[in-house]
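Because the structure is a prediction, the values reported are computed rather than measured. Numbered from 1 within each chain, the chains take letters A, B, ... in sequence-line order.
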Amino acid sequence: MYFACGDAWRARQVFEGMSDRDVVSWTSLISGLVRNGCPLQGLHHFASMMHSEVRPDFVLLVSILKAYMELDDLPGATGAHALVVKSGFDNELDVVITLTAMYAKFGCILAARALFDKVPTPQVNVILWNAMISGYSKNGLAKEAVQLFKQMRKFARSMTPDSVTLLSVILASAQLGSIEIAEWMEAYVQGSEYRDDVFVNTALIDMYSKAGSIAHAHAVFERMHVQERDVVVWSALIAGYGMHGHAKEAVTLFEDMKRAGVKPNDVTFLGLLSACKHAGAVEKGWSYFQSMKHEYGIEPRHQHYACVVDLLARAGHLDRAYRFITGMPIKPELSVWGAFLNGCKMHGHSDIALAECAAQHIFELQQSNAGHYVQLANLYASAGMWSHVAGVRVTMRERGVSKETGCSSIDINGEMHSLHAGDHSS
DNA sequence: GTAGGGTTAG
């Protein structure tokens, strides 16, 4: 209850005062911590529990797996998976669902699929299917996601898609960029009980923006009830106009949104800034960046800085962009210098020193990416500095930079599944 | 006490 009120401290107080701690009370403490952004503390308590007499059950292990997901810790996650197997819970449906989502989250889509396929068909469960479909969507395997959605309908008697299913398939449709599939998805939504679902409609707006029809996206927005248009809905449409380079419409929408009494957030500004960037509206974007900080008190994140740098650099304001970067209150990340270098490539033939400076920062942050070296080489080439081009190649060889992809493998029930970066096979 | 989810970019 205290966790539900956001009071982790009180929750722990109650727990400490309990004399007979069973696995259920441990679980409520640990899952509460994991869900409230303190996965490390949750694992810490789990270690304490393991030193006591209490043994974990499958419900607790689900929370432990989620803790490692939160922490982005694949070795820890596979270790927890091993504990699940050792404890004999690897056939519990809830556990299999978590494991499927977990491996998908880590990009190990083949491992996720192997777990999914292991579940016997009578146990059809929407959440399991959702875990697999969204796993495909999030890993860019849109065709597989749509295909699995179509397969799901074979079980229509025992299982119907819910809003989460629809969100995942809409996300996949957005990646396919096909207006036919987008319209097919919208028709499906219209015929379902989720036609007025805010989440689903937001995803539809995003889908149409990415599939190339901002008019369709706007139509979805218009159909929504006014009171349902929250900041995420507005932001999705603003970003959509931005993607299409319609800065004027994005700005108008932004003003409409403010008039409607909806407060913009950091994502809204990102869409707005990106709209200005695509349209080359330097001063407009600059003033929105200022108002974001001073008028709304929103602290810019790396993406905002990268966007402003991109905005300035694309327009050829290289010196201004450089000064902006050096004045940043946080350490510029790869994306910031990357945007700058990109601008140099477009405009910097005369000022190769600035580009070299950007490249230097980039190599410092990520030495092993061949793409950066190629970019610098291209820049030298466009400036006719051929000896420098050759120099870049020498540096690459010296540092052992090549274009090979990474590979790792995962053990599921004694079977090794090999995973390659960018692997799309199944 | 547990499982899947909407807006950010090229």
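Rounded to a whole Å, the CD atom of A:Glu92 is 14 Å from the C1' atom of B:dG1. Atom CD in A:Gln175 sits roughly 15 Å away from atom C1' in B:dT7 (whole-Å rounding). For the pair A:Tyr208 OH and B:dT7 P, the computed distance is 16 Å after rounding to whole Å. To the nearest angstrom, P of B:dG6 lies 13 Å from CG of A:Leu204. Taking atom CD of A:Glu333 as the reference point, atom C1' of B:dT8 lies 14 Å away to the nearest angstrom. Between the CE atom of A:Met69 and the P atom of B:dT2 there is a distance of 15 Å, given to the nearest Å. In this structure, A:Tyr136 atom OH and B:dG5 atom P are separated by 16 Å, rounded to whole Å. Here the P atom of nucleotide B:dG6 and the CG atom of A:Asn201 are 14 Å apart, to the nearest Å.
At the phosphate of B:dG1, neither OP1 nor OP2 sits under 4.0 Å from any side-chain N or O atom of A:Arg35. Contact annotation: A:Lys210 side-chain N/O to B:dT8 OP1/OP2 distance is under 4.0 Å. A:Lys66 has a side-chain polar atom (N or O) that falls below the 4.0 Å cut-off from OP1 or OP2 of B:dA3. Remark: A:Ser31 is in phosphate contact with B:dT2, judged by side-chain N or O atoms under 4.0 Å from OP1 or OP2.
Counting non-hydrogen atoms under 4.0 angstrom, A:Val95 reaches nothing in the nucleic acid. A:Asp57 comes within 4.0 angstrom of a base, heavy atoms only. At the heavy-atom level, A:Ser274 lies under 4.0 Å from the strands shown only through sugar-phosphate atoms. Using a 4.0 Å heavy-atom distance criterion, A:Asp94 is classed as a base contact. When heavy atoms are screened at a 4.0 angstrom cut-off, A:Val198 is found touching base atoms of the nucleic acid. Heavy atoms of A:His278 sit under 4.0 angstrom from primed sugar atoms or phosphate atoms, though from no base atom. Nucleic acid contact for A:Asn125: base, since at least one base atom lies under 4.0 Å from a heavy atom of the residue. A:Asp230 comes within 4.0 angstrom of a base, heavy atoms only.
A salt bridge links A:Glu186 with A:Arg223: at least one charged nitrogen is closer than 4.0 Å to a carboxylate oxygen. Salt-bridge annotation for A:Lys263 and A:Glu295: absent, with no side-chain N of the basic residue lying under 4.0 Å from a carboxylate O of the acidic one.
In this structure, A:Tyr288 has its ring center no closer than 6.0 Å to that of A:Tyr296. Not less than 6.0 angstrom separates the ring centroid of A:Trp26 from the ring centroid of A:Phe46. With ring centers used as reference points, A:Phe269 lies 6.0 Å or more from A:Phe289. Annotation: A:Tyr241 is in aromatic contact with A:His218 [ring centroid separation under 6.0 Å]. Under the 6.0 Å cut-off for aromatic ring centres, A:Trp286 and A:Phe324 qualify, their centroids lying closer than that.
Note: A:Trp129 and A:Phe116 have perpendicular aromatic rings, judged against thresholds of 30 and 60 degrees for the angle between ring planes.
Proximity note for A:Thr202 (side chain, C-beta onward) versus B:dA3, B:dG1, B:dT7: the nearest is B:dT7. Nearest to the side-chain atoms of A:Val164 among the listed nucleotides B:dG5, B:dG6, B:dT2 stands B:dG5. Closest approach to the A:Leu270 side chain among B:dT8, B:dA3, B:dG1 is made by B:dT8 (side chain taken as heavy atoms from C-beta onward). The side chain of A:Thr98 lies closest to B:dA3 when the candidates are B:dA3, B:dT7, B:dG5. Checking B:dG6, B:dT8, B:dG1 against every side-chain atom of A:Ser28, the shortest atom distance belongs to B:dG1. If you check B:dT7, B:dA3, B:dG5 against the side chain of A:Phe199, the one that comes closest is B:dG5. Across B:dT8, B:dG1, B:dA3, the shortest atom-to-atom separation from the side chain of A:Val267 is found for B:dT8.
You won't find any donor-acceptor pair under 3.5 Å spanning the side chain of A:Asp197 and the base of B:dG6, going by distance alone.
Counting only distance, with no hydrogens or angles, the side chain of A:Asn139 and the backbone of A:Ala104 share a donor-acceptor pair below 3.5 Å.
For the contact set between residues 303-314 of chain A and DNA chain B, defined by any heavy atom under 4.0 Å, the members are A:Gln303, A:Asp310. For the segment residues 242-249 of chain A, residues with any heavy atom less than 4.0 angstrom from an atom of DNA chain B are, sorted by number, A:Met243.
Note: A:Ile97 CD1 to A:Asn130 CG = 9.0 Å, rounded to the nearest 0.5 Å.
By the neighbour-count criterion of 12 heavy atoms within 6.0 Å, atom NZ of A:Lys154 is sparsely surrounded, having that number or fewer from other residues, nucleotides or ligands.
The shortest heavy-atom contact between A:Ile64 and A:Ala80 is CG2-CB, 4.2 Å.
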